[in-house]
Amino acid sequence: MTRWQNGSGTLRFVQSDTEKTTTAEGAPNAAAPSATASIPVEIAASYRARSRGLLGRDGIDGALLLTPASGVHTFRMRFPLDVAYLGRDLTVLAVRTMRPGRLGLPRPRSRHVLEAEAGAMARWGLRAGVRVTIDTR
């Protein structure tokens, strides 16, 4: 089991085109080739870093990983967030968009929470079932 420390790193996961195409005869074609996404990530592992989170910021380039965590709130936030709940093996359990001033319910089996600006995770192709890796610097 990895012991996380505050710092920075890179979030990586495989993006795949889930749209299947068909041939003229109606037979399915293979999905488009996959690409690997690399997103800068800040890691908040201490109580103090998790408590601070994104408070007081006007935005974030990339994402913020809160670990350990199973839920978040957006009280006193200045911008809406995309929130991905990650399991012990860093598989995405759910992705939600939260407006400022909301309380997200804790997710059972969630051990980590990934936060980014609203719309970022959809652009990246991050969705439930995707497994991510974190490369620390």
Side-chain angles (χ1 to χ4, degrees):
M1 178 164 215
T2 302
R3 179 148 173 94
W4 296 94
Q5 294 182 354
N6 294 338
S8 59
T10 305
L11 173 75
R12 298 184 195 282
F13 62 94
V14 176
Q15 295 174 315
S16 62
D17 184 3
T18 58
E19 290 185 26
K20 304 255 184 198
T21 59
T22 58
T23 62
E25 296 81 32
N29 280 341
S34 300
T36 302
S38 296
I39 293 109
V41 65
E42 295 176 41
I43 301 168
S46 69
Y47 176 78
R48 183 178 213 167
R50 288 191 315 268
S51 297
R52 171 114 168 108
L54 295 174
L55 293 175
R57 299 191 197 185
D58 292 321
I60 183 171
D61 291 329
L64 174 69
L65 177 70
L66 304 172
T67 181
S70 62
V72 296
H73 68 81
T74 58
F75 299 124
R76 297 182 8 226
M77 295 292 297
R78 297 179 182 171
F79 56 96
L81 295 178
D82 277 351
V83 178
Y85 298 92
L86 308 177
R88 187 179 306 266
D89 63 350
L90 298 178
T91 299
V92 178
L93 302 174
V95 177
R96 299 288 179 260
T97 300
M98 294 177 63
R99 295 180 306 186
R102 302 288 184 233
L103 176 64
L105 294 175
R107 293 277 172 171
R109 298 185 314 273
S110 176
R111 298 293 180 266
H112 317 281
V113 174
L114 190 66
E115 298 179 341
E117 288 189 22
M121 293 186 189
R123 284 192 311 274
W124 299 336
L126 191 66
R127 62 187 181 284
V130 172
R131 184 154 185 208
V132 301
T133 59
I134 308 287
D135 298 329
T136 56
R137 296 178 191 160

Sequence neighbours left out, cut at 3.5 Å: what donor-acceptor pairs do the side chains of residues 39-46 make with other protein atoms?
from: E42; atom 1: OE1; to: R57; atom 2: NH1; distance (Å): 3.4
from: E42; atom 1: OE1; to: R57; atom 2: NH2; distance (Å): 3.0
from: E42; atom 1: OE2; to: R57; atom 2: NH1; distance (Å): 3.0
from: S46; atom 1: OG; to: N6; atom 2: ND2; distance (Å): 2.9
from: S46; atom 1: OG; to: A49; atom 2: N; distance (Å): 3.1

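- The closest donor-acceptor contact from the side chain of T74 to the backbone of G101 lies under 3.5 Å.
- Residues L126 and L81 fall into different hydrophobic clusters, defined by Ile, Leu, Val, Met, Phe, Trp and Tyr side chains chained together at heavy-atom separations under 4.5 Å.
- Across all their heavy atoms, E115 and V72 have their closest contact at OE2-CG1, 3.3 Å.
- Rounding to the nearest 0.5 Å places OG of S8 at 12.0 Å from CG of L65.
- With values rounded to the nearest 0.5 angstrom, L90 atom CG is found 13.0 Å from F13 atom CZ.
- Nearest approach of G59 to F79, heavy atoms of both residues: N-CE2, 3.4 Å.
- Interatomic distance, OH of Y85 versus CZ of R96, reported as 8.0 Å (0.5 Å rounding).
- Within a 6.0 Å radius of OH in Y47, other residues, nucleotides and ligands contribute 12 heavy atoms or fewer.
- Using a 3.5 Å distance cut-off with no hydrogens or angles, the side chains of S70 and R107 do not pair a donor with an acceptor.
- Heavy-atom neighbours of D89 CG from other residues, nucleotides or ligands within 6.0 Å: above the threshold of 12.
- Rounding to the nearest 0.5 Å gives a distance of 8.5 Å between CG of L11 and OG of S38.
- Across L55, L54, D58, a single residue satisfies side chain to side chain contact (heavy atoms under 4.5 Å, CB included) together with R78, and that is D58.
- Clustering ILVMFWY residues whenever any of their side-chain heavy atoms sit less than 4.5 angstrom apart, transitively, puts V132 in a cluster other than the one holding L93.
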Dump the intermediate steps for side chain to side chain contact (heavy atoms under 4.5 Å, CB included) on E117 and I60, then the final yes or no. CA-CA 7 Å; E117 288 189 22; I60 183 171; 4.0 Å; yes

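- Between the side chain of T91 and the backbone N or O of G87 there is no donor-acceptor pair closer than 3.5 Å.
- Here the closest heavy-atom approach between residue M98 and residue L103 is recorded as CE-C, 4.0 Å.
- A donor-acceptor pair is defined here as one N or O able to donate and one able to accept, closer than 3.5 Å; no such pair exists between the side chain of D135 and the backbone of G9.
- From M121, atom CE reaches atom CG of L114 across 4.0 Å, with rounding to the nearest 0.5 Å.
- With rounding to the nearest 0.5 angstrom, the OG atom of S110 is 12.0 Å from the CG atom of L105.
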